[in-house]
Protein chains: 4
Amino acid sequence: MGHKNSNGKRTEKYEKILDAAVKVFAKKGFYQSRVSDIAREAGVADGTIYIYFKNKDDILISIFEEKMRIAISIFQQELAQGENALSKLRRFVHVHLDLFRQNPELAAVLQVELRQSSRFMKEYKKVELKRFLDLIGDIVKQGQEEGFFRKDLPVSLVKRFVFGALDEIISTWVSSGGKFNLMDYADALSDLFIRGLGTVKVLEGVVDSSGEGGVPESASLDFKEGGMEL
Amino acid sequence: MGHKNSNGKRTEKYEKILDAAVKVFAKKGFYQSRVSDIAREAGVADGTIYIYFKNKDDILISIFEEKMRIAISIFQQELAQGENALSKLRRFVHVHLDLFRQNPELAAVLQVELRQSSRFMKEYKKVELKRFLDLIGDIVKQGQEEGFFRKDLPVSLVKRFVFGALDEIISTWVSSGGKFNLMDYADALSDLFIRGLGTVKVLEGVVDSSGEGGVPESASLDFKEGGMEL
Amino acid sequence: MGHKNSNGKRTEKYEKILDAAVKVFAKKGFYQSRVSDIAREAGVADGTIYIYFKNKDDILISIFEEKMRIAISIFQQELAQGENALSKLRRFVHVHLDLFRQNPELAAVLQVELRQSSRFMKEYKKVELKRFLDLIGDIVKQGQEEGFFRKDLPVSLVKRFVFGALDEIISTWVSSGGKFNLMDYADALSDLFIRGLGTVKVLEGVVDSSGEGGVPESASLDFKEGGMEL
Amino acid sequence: MGHKNSNGKRTEKYEKILDAAVKVFAKKGFYQSRVSDIAREAGVADGTIYIYFKNKDDILISIFEEKMRIAISIFQQELAQGENALSKLRRFVHVHLDLFRQNPELAAVLQVELRQSSRFMKEYKKVELKRFLDLIGDIVKQGQEEGFFRKDLPVSLVKRFVFGALDEIISTWVSSGGKFNLMDYADALSDLFIRGLGTVKVLEGVVDSSGEGGVPESASLDFKEGGMEL
DNA sequence: GATGAATGAGTTTTCATTCAT
DNA sequence: GATGAATGAAAACTCATTCAT
């Protein structure tokens with residue numbers, strides 16, 4: 001993972017090119033970016049890029065690998081500190097937004113470019129993205145076990161629900177050029193998720209109703225096997 | 001909008017090319033698709049395409065405009081039949097999923113390709129997507145006025161929240177090649193939205209708590225002006 | 001074989017490019033020739049070449065195919081008129097030299113470029129060249145049956161012997177830039193072959209010796225199976 | 001000739017690189033070979049090659065010069081032992097085949113690569129190849145003086161005839177990957193040459209005819225000045 | 001309007017050669 | 001002398017777009 005010199009140390013140039021690529025891809029998009037743009041941004045010759053990367057595709061893949069690896073490790077560290085699923089979900093939302101807020105260019109690449117459907121990327125996305133989605137999935141499962149989250153929803157649906165909603169907010173922020181404060185929305189988003197997912201146990205803290213409490217509509221939801229799983 | 005002959009009637013070839021483009025873009029992606037691929041798929045000569053479209057970009061833009069126009073009109077028709085925001089939201093989710101289920105190739109293009117950040121597309125997305133997002137936004141506003149939806153959440157956040165979550169589910173379905181039944185999730189998604197957004201009035205139907213009902217956390221949410229709006 | 005338009009007629013451009021390629025390859029060699037050189041020589045745009053040929057290699061292969069086909073058909077026609085192996089061999093030498101004399105550039109390509117060892121070419125050469133060598137081989141076999149040529153020499157050796165000797169003379173002529181008259185050597189070469197290959201029956205017309213005639217050394221030649229055959 | 005250190009001694013690395021180049025060129029051809037391939041094969045750094053050779057071309061030229069020098073000196077030694085032109089020609093054929101049999105890779109380079117017509121190589125070939133051809137030419141001349149070989153054939157033609165025929169046999173052997181026993185053909189080839197070239201005096205040992213012996217056709221061969229000479 | 005052959009600008013990629021260490 | 005990372009010129013090839021028919 002990463003390009004290492006004989007000492008096994010990641011080389012400076014490799015990082016420089018990768019960072020330049022993030023910047024360039026973020027600005028112009030993968031297909032609109034020229035390898036020479038990346039070279040110029042990195043301050044190296046065009047040919048140098050091919051010492052560190054097999055080809056242009058490999059750069060994008062490497063960004064994904066490299067950055068996802070870092071991102072996931074950050075998430076795992078953060079989530080380890082959460083006590084229960086509720087706090088973990090709040091943390092997750094917070095870290096996700098914060099991470100992208102701190103790396104807007106990376107966000108742009110990850111959010112926008114990796115959506116592209118070139119065949120190789122689809123395959124790629126599947127593997128790496130799955131690990132990311134599973135971070136959410138694990139929280140959801142834990143929440144269901146702890147009795148915080150409804151059990152009548154398939155985890156595979158919920159994790160994508162959460163991911164998609166966050167994704168869109170970040171995309172909006174990226175598209176806006178970072179004009180608004182992304183973190184302002186962290187609590188609201190966590191809240192939307194928790195209310196949406198929450199069991200009575202959770203909602204009691206929200207609702208003051210003394211009604212008899214009808215069976216939630218969703219109680220009738222009945223997901224058969226063989227459903228969603230990318 | 002659309003290519004019309006002297007009678008103002010949309011020509012058959014125009015439609016043929018547009019449909020071919022949807023198919024081709026869906027399969028290979030915009031940048032990986034050749035104009036000649038579209039021509040072959042449409043059964044016309046390469047040059048013919050340039051009679052109906054200014055250039056390759058224009059084809060994608062036209063797909064967006066054309067299809068969005070149709071989609072939005074369908075939505076408006078459907079939503080007109082909804083009584084209140086709750087039923088409208090349910091309808092919206094249902095129609096959205098159903099529309100894409102019926103046009104998987106169109107879904108692929110709209111979901112995947114239009115995510116690309118080529119400059120021209122960003123501009124276009126803004127305009128057309130805005131109208132789509134506003135359909136959701138209007139429902140949310142109505143819901144807030146009717147007392148079904150919390151007022152402490154900015155509509156701009158909520159509409160993107162809803163759009164993003166639906167978007168991701170559809171993307172998953174597209175990526176899976178339509179393997180699972182998209183409509184199975186309509187109710188669950190509506191439910192997640194409604195619970196997340198719902199006021200006490202709504203949640204009463206869900207929660208049976210007889211507690212005094214703590215102030216919802218989200219009560220403290222306070223979004224200043226100048227926030228999110230793409 | 002050849003590039004044909006919808007009427008099945010070989011297109012003019014295809015021929016123009018092929019001829020230009022012969023000229024350019026002859027002058028600078030395959031690897032030293034630029035596709036743009038060929039395009040300029042042919043008076044077409046670079047891209048046009050790729051309408052008629054898959055790639056640069058394909059041009060060389062096509063020259064070989066195309067010209068070899070023509071050459072072999074000329075040979076077959078000429079040889080059909082020969083009465084016996086002796087006259088056929090003379091004809092073969094004459095036609096071979098004459099053909100290249102008339103197409104010095106083609107000679108240069110066939111003689112020099114096709115000697116190159118790129119893997120694909122090796123395979124190619126084998127097939128096409130074999131047919132050419134077999135033209136000689138057939139004459140030799142016929143001569144052996146007619147009693148003109150010694151039977152103690154493997155046809156596979158002899159055909160290459162003849163080909164190699166002619167080849168080198170032509171190469172010399174090509175290298176010299178066509179300075180000497182190639183046809184002047186036709187009879188001498190035929191003579192060298194016929195004497196070398198000839199049986200007593202043939203040599204009687206040459207030698208006036210009344211000696212007892214020792215068994216020719218070559219009588220002891222004994223070629224085992226599994227020898228030369230490319 | 002050769003790279004010498006301050007002591008005038010050829011350095012070990014120079015030889016290592018040259019041998020590596022022979023191997024690499026033989027396998028992939030000059031233009032398909034990378035300088036780095038040679039470096040790897042030689043076990044040195046890319047840059048080291050440029051200490052011993054001016055550039056890539058210079059490596060090929062050096063192979064030719066170096067190996068030709070050795071080959072020619074071997075030939076001269078061997079030929080010195082021949083008594084007359086007949087035995088010398090037999091020796092020449094034998095040594096030629098044997099030399100290449102023992103150095104198949106060198107053979108591949110000399111046979112195949114030097115056929116390429118890059119401008120620089122043409123010049124080189126001329127000089128070095130001439131010395132080689134002259135070895136044959138000298139034998140032919142001697143044979144003519146000794147009365148063994150016909151005087152009506154230009155030496156320049158005959159030496160190329162001999163060279164070309166041998167060349168092709170070796171090429172076949174090289175192309176076959178050394179599958180057959182090259183030496184098996186030495187006598188047959190010598191025999192073909194000697195019969196082709198031989199005067200009555202020589203052929204008497206071959207033909208037992210007591211006929212009066214018509215004037216050989218070749219008697220009429222009359223080569224004017226200014227003919228073949230590369 | 002329709003065609004599709006031709007165009008040539010624009011890109012990726014390669015690799016001989018250099019030069020600081 | 002030796003290294004090998006860096007260079008950047010050069011070349012094959014692609015494909016959106018044009019335009020004569």
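Sequence lines set the chain letters: A, B, ... in the order given, protein chains first and strands last, and positions in each chain run from 1.
Following rounding to the nearest Å, Glu12(D) (CD) and dA2(F) (P) show an atom-to-atom distance of 10 Å. Rounded to whole Å, the distance from CD1 on Ile59(A) to C1' on dT13(E) is 12 Å. Following rounding to the nearest Å, Phe30(D) (CZ) and dA16(E) (P) show an atom-to-atom distance of 9 Å. Rounded to an integer number of Å, the gap from Tyr31(C) OH to dT14(E) P is 16 Å. Rounded to whole angstrom, the span from the CZ atom of Arg34(B) across to the P atom of dT17(F) amounts to 12 Å. One interatomic measurement links the two molecules: OH of Tyr50(D) to C1' of dA2(F), which rounds to 15 Å at whole-angstrom precision. Protein atom CG of Asp46(D) is 16 Å distant from nucleotide atom C1' of dG1(F), rounded to whole Å. What separates CZ of Arg40(B) from P of dT3(E) is a distance of 14 Å, to the nearest Å.
Here the rule is side chain to side chain donor-acceptor pair (under 3.5 Å) with Asp37(D), and of Lys27(D), Lys28(D), Gln32(D) only Lys28(D) fits it.
Of the two residues near DNA chain E, Ser33(A) and Lys54(D), the one whose nearest nucleotide lies more 5' is Ser33(A). Of the residues near DNA chain F, Gly47(B) and Ser36(C), the one whose nearest nucleotide (by heavy atom distance) lies more toward the 5' end is Ser36(C). Two residues, Thr48(A) and Val44(D), neighbour DNA chain F, and the one matched to the more 5' nucleotide by heavy-atom proximity is Val44(D).
Each of dT3(F), dG8(E), dG8(F) was ranked by its minimum atom distance to the side chain of Ala45(C); first place goes to dG8(E). Proximity note for Tyr52(D) (side chain, C-beta onward) versus dA2(F), dT3(F), dT12(E): the nearest is dA2(F). Checking dA5(E), dT13(E), dT17(F) against the side-chain heavy atoms of Asn55(B) singles out dT17(F) as nearest. Distances were taken from every side-chain heavy atom of Lys56(C) (C-beta onward) to each of dA12(F), dG1(F), dA16(E); the shortest belongs to dA12(F).
Pair check for dC19(E) finds dG4(F); Watson-Crick or G-U wobble, both atom distances under 3.5 Å.
In this structure, Thr48(C) OG1 and Ile51(C) CD1 are separated by 5.0 Å, a value rounded to the nearest 0.5 Å.
Taking 4.0 angstrom as the limit, Lys13(B) places a side-chain polar atom (N or O) nearer than this to OP1 or OP2 of dA2(E).
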- Item | Derivation and outcome, side-chain contact (heavy atoms from CB on, under 4.5 Å), residues Phe53(B) and Leu18(B) | CA-CA 10 Å; Phe53(B) 299 90; Leu18(B) 215 60; 3.4 Å; yes
I would like to know whether Tyr14(A) and Glu66(A) meet side-chain contact (heavy atoms from CB on, under 4.5 Å); could you show each step before the answer? CA-CA 11 Å; Tyr14(A) 175 85; Glu66(A) 192 88 341; 3.7 Å; yes
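Comment: Lys67(B) engages Asp19(B) in a salt bridge, judged by a side-chain N to carboxylate O separation of less than 4.0 angstrom.
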